[in-house]
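To keep things clear, I will list the structure first and then write my remarks on it.
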Amino acid sequence: MARDSCLARVGAGVAVGGAIGGAVGAVYGTYEAIRYKVPGMMKIRYVGQTTLGSAAIFGLFLGAGSLIHCGKSY
């Protein structure tokens, strides 16, 4: 099988980073919403914002790391 292209590796890094960041963000957002006693339906918005923010940041960093790593041959 041919070696993966750089774009495929970066895409996989972003996807994995987004999944891991989203899971961690959901857990952390739920904890924070309960801890700070966010009222009613605002909890859903708070957890969603935390989840998306964490997924975006972690996906960006893992994608950038994959891009940096892409040029190296071992």
Side-chain angles (χ1 to χ4, degrees):
M1 189 170 168
R3 294 187 72 176
D4 290 321
S5 68
C6 188
L7 186 61
R9 286 185 179 187
V10 172
V14 169
V16 170
I20 293 171
V24 170
V27 171
Y28 182 70
T30 303
Y31 169 73
E32 288 280 311
I34 292 170
R35 180 178 175 201
Y36 291 122
K37 296 181 173 91
V38 177
M41 295 298 286
M42 292 294 288
K43 284 181 187 164
I44 295 172
R45 181 176 179 191
Y46 188 81
V47 172
Q49 285 178 339
T50 307
T51 301
L52 290 177
S54 179
I57 294 296
F58 201 72
L60 176 76
F61 284 130
L62 208 59
S66 297
L67 182 64
I68 291 169
H69 228 289
C70 194
K72 296 181 181 181
S73 60
Y74 294 105

field: Any Val16 side-chain heavy atom under 4.5 Å of Leu62 side chain
entry: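 Answer yes - side chains close enough.
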query: side chain to side chain contact (heavy atoms under 4.5 Å, CB included) with Thr50: which residues, sequence neighbours excluded?
result: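 Counting only residues at least two positions away or on another chain, Thr50 forms a side chain to side chain contact (heavy atoms under 4.5 Å, CB included) with Tyr28, Tyr46.
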field: Thr51 to Gly25 - nearest heavy-atom pair and separation
entry: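 Nearest heavy atoms, Thr51 then Gly25: OG1-C, 3.8 Å.
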task: Kindly give the heavy-atom pair with the smallest separation between Gly21 and Ser54, and that separation in Å.
output: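 Minimum heavy-atom contact is O-OG, 2.8 Å.
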- prompt: To the nearest 0.5 Å, how far apart are CZ in Arg9 and OG in Ser66?
  reply: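 Interatomic distance, Arg9 CZ to Ser66 OG, rounded to 0.5 Å: 9.0 Å.
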Pairwise distance NZ(Lys43) to OG1(Thr30) - rounded to 0.5 angstrom: 10.0 Å
